[in-house]
2 protein chains.
Amino acid sequence: MIVALPKRFGKFEVFYMSPTIKDIAKAAGVSITTVSRALNGYPDVNEKTRSRIKKLAEKMSYHPNSQAQSLVLKKTNTIGVIISELTRDSVKAAFSFEVLCGISDRSSELNYDIILFSTNPNKQMNKTYSDLCRERNVDGVILKGLKTTDPYLREVIDQSSFPSVLIDIPVAGEGVGHVTTDNVSGVRDAVRHLIQLGHRNIAFINGYKEAAICADRLSGYMLGLQEADITYDVSRVEDGRFSEEGGADAISKILSRHPETTAVVCSSDIMALGVMKELEQMGRVIPGSISVIGFDDISIASYTTPKLTTVRQEKYEMGYQAAQMLIDMIEGRNVKHKIVLDNQLIIRESADRLQKG
Amino acid sequence: MIVALPKRFGKFEVFYMSPTIKDIAKAAGVSITTVSRALNGYPDVNEKTRSRIKKLAEKMSYHPNSQAQSLVLKKTNTIGVIISELTRDSVKAAFSFEVLCGISDRSSELNYDIILFSTNPNKQMNKTYSDLCRERNVDGVILKGLKTTDPYLREVIDQSSFPSVLIDIPVAGEGVGHVTTDNVSGVRDAVRHLIQLGHRNIAFINGYKEAAICADRLSGYMLGLQEADITYDVSRVEDGRFSEEGGADAISKILSRHPETTAVVCSSDIMALGVMKELEQMGRVIPGSISVIGFDDISIASYTTPKLTTVRQEKYEMGYQAAQMLIDMIEGRNVKHKIVLDNQLIIRESADRLQKG
DNA sequence: GGAGTTTTCCGAAACGTTTCGGAAAAAGGC
DNA sequence: GCCTTTTTCCGAAACGTTTCGGAAAACTCC
């Protein structure tokens, strides 16, 4: 469609404009209404005119303006993705990105676009969660990386009529669901594996108290011990705050208290990396003198020396399922508001039997 | 604002609706026009009424509906981000993600939202690039990961009136710009470093012919050799197709032809990983018997054994600059359509002097 | 105190859709 | 041929903004 006068957008002159429904109507010699109804499959339009209109629309490469559509339909076919630690730290980033890929793939399959909000506690002061959603009129939101102390979380729970799904935060309600991994069994499997390898003095490095997943993982640890009739000892557990340094600190604290420790499971691979670094500096050899197991299976895990044995989370699947759940909720389908994904112990090199002698 | 009758969205009853400009007008006892002009800072409204309206808008937490706005303004304040290898492969993903973070940060600083399109050659058949943009009415696009064979690329170049910036593809024109890293000097620095360490027989593993960045990197390799009066030998160069296996294949081919090779620079860290794996299997010790240098500095690079010496690309900065450039173009500011970022050789452990004897 | 200016406000059209209610046209029935 | 039913179409309102052109009100000036 060539319009008579160029319009200006910034410094760009746009001569070729997208045709509107009006253009199609004119070209087809019918009313706007008829074009709309023809294209949207309503039964009250003659099949001949319908196909004529369809062909024309195709030829003129007509696409309905989504702004106009959503204005009247009150539906944007857009979901917001809020990732709070959208950070340049590439190590953490990889995890979120895989989740994002899953979200993106499923969304586009179901004909939703995703719009990405990055946020941080600072931003959360200025603009509330609902402002964010309302301004852009997203149909629903997926949130990842929220801490229990983040202001947004409160809002999500309060305004539970607005569809949202949380990743790794176990809140469920009218309009809010969540997807997470089976944290209990993940850590239990790790502990079991170590026990099978002959370990009895097993430490645990968790994330932080405020995170829900960490409570579950601690349960998994306790469960694993219990199954082998090993008594749980709180002094064998430290929080590493999901950071490399935190992991390093934690392991040295634990080892000073319990030099007899022969194995440690960590609540994230990042912390496991810190642990390995620290152990190396202490002259301990892995897994000869001490075994290490991580959690997540980030890409680095298979490149370390020794390669890290870890519990793999299906990150892509998490995003995929989150998108599915959210869109189900948006479109009013009945749906479980809680999805717990399986995970799997990936056995590599960092955990093994103790060397005799 | 409480409306009288609940509206239905899917299965959710929404009692609390966002107030519209009409609600504010009614509450303030003025016309819609005045509210709009008051809020948008026009001079033809009394300061008293302006502040009254502003307070009211604040109190009722009014936010203009962005769909309605963009419908009349023909501007969405949204930029599209098309990442073609938005894949679940987490190793490659990290790179794109960091770029994305940069884009996201700068965009939100400049008050743009980003909407994420993932694509693949298959999807590109169904929906053209311009369809994608027009349907969602994005103001501009950033594209990353496009191959020279991707249909979209042709379109970007053809419709150059639509603002777009490419990452790592050197196309510039009326409305299209690009940002990349200084590929020539990056590789040259790597070669220089090796020469300073005493190496003379230096191989080069590139990506593939069709990629523009690879031509530059090859130039950098040749330049580095030339500066040391080493003659360029094409049989010391192989394409590794940016994959781990490709890197492994490449190094074994090169070594079979040139067993005297003592150092190799790779056009990506991924390939360097493959090279290191292959060399290990061949019983070669790095860097004792052969040195390896990578390109990118992905997170894994600092966790391998030995730690990978590599040319760091500022991935976050790439995204940041790309967003800046695009928004400059959208808003009609004059701007350079080409940005070349510096990079830096990060010296770790995988490249060193040859061991005597 | 009236004309001219300035300040402050508003009505209405426009953006591109969807959809309700109804009207025109065609078909059916006798 | 006339009434009824069905099929096919359309006008107009609505969604929530922005903005043009003008009007009312308030000042200024002599």
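Chain letters run A, B, ... following the sequence lines, proteins first, then strands; residues in each count from 1. Remember, predicted model here, so these are calculated numbers, not experimental data.
Closest non-hydrogen pair, Met318(A) versus Ile167(A), comes out as CE-CG2, 3.9 Å.
Residues satisfying the side-chain hydrogen bond (donor to acceptor under 3.5 Å, both in side chains) criterion with Arg50(A), sequence neighbours excluded, are Glu47(A). In terms of the side-chain hydrogen bond (donor to acceptor under 3.5 Å, both in side chains) criterion, Ser107(A) has no residue partners (sequence neighbours excluded). Scanning for side-chain contact (heavy atoms from CB on, under 4.5 Å) contacts around Thr76(B) gives Gln67(A), Ser70(B), Thr78(B), Asn137(B), Asp139(B), with sequence neighbours left out. With sequence neighbours left out, Asp328(A) forms a salt bridge (Lys or Arg N to Asp or Glu O under 4.0 Å) with Arg333(A). Every residue meeting the side-chain hydrogen bond (donor to acceptor under 3.5 Å, both in side chains) condition with Arg37(B), not counting sequence neighbours, appears here in chain and number order: Asp44(B). Listed by chain and number, the residues in a side-chain hydrogen bond (donor to acceptor under 3.5 Å, both in side chains) with Ser51(B) amount to none (sequence neighbours excluded). Considering only residues two or more places apart in sequence or on other chains, Ser61(A) meets the side-chain contact (heavy atoms from CB on, under 4.5 Å) condition with Arg134(B). Under the rule for a salt bridge (Lys or Arg N to Asp or Glu O under 4.0 Å), Asp168(A) has no partner lying at least two apart in sequence or in another chain.
For residues 52-69 of chain A, no residue pair satisfies the salt bridge (charged side-chain N to carboxylate O under 4.0 Å, His left out) rule, not counting sequence neighbours.
Between Asn65(A) atom CG and dT18(C) atom P the separation is 10 Å, expressed in whole Å. The nearest whole Å value for the distance from the CD1 atom in Ile24(A) to the P atom in dT18(C) is 12 Å. Between Ile21(A) atom CD1 and dC15(C) atom P the separation is 14 Å, expressed in whole Å. Nucleotide dA14(C) holds its P atom 24 Å from the NZ atom of Lys75(B), rounded to whole Å. If you take CG of Asn40(B) and P of dG16(D), they are 17 Å apart, rounded to a whole angstrom. We find that NZ of Lys22(B) is positioned 15 Å from C1' of dT18(D), with the value rounded to whole Å.
Of the residues near DNA chain C, Leu71(A) and Arg52(B), the one whose nearest nucleotide (by heavy atom distance) lies more toward the 5' end is Arg52(B).
With rounding to the nearest 0.5 angstrom, the CG atom of Leu166(B) is 5.5 Å from the CG atom of Leu143(B).
OP1 or OP2 of dG16(C) has at least one side-chain nitrogen or oxygen of Lys74(B) nearer than 4.0 Å. Note on Gln67(A): every side-chain N or O is 4.0 Å or more away from OP1 and OP2 of dG16(C). Between dC10(D) and Tyr42(A), no contact under 4.0 Å exists linking OP1 or OP2 to a side-chain N or O.
Within residues 43-51 of chain B, the residues approaching DNA chain C are Asp44(B), Val45(B), Asn46(B), Thr49(B), by heavy-atom distance under 4.0 Å. Of the residues in residues 27-39 of chain A, those lying under 4.0 Å from DNA chain C by heavy-atom distance are Ile32(A), Thr33(A), Ser36(A), Arg37(A).
Rounded to 10 degrees, the angle between the two end axes of the helix from dG1(C)-dC30(D) to dC30(C)-dG1(D) is 50°, with five pairs used at each end.
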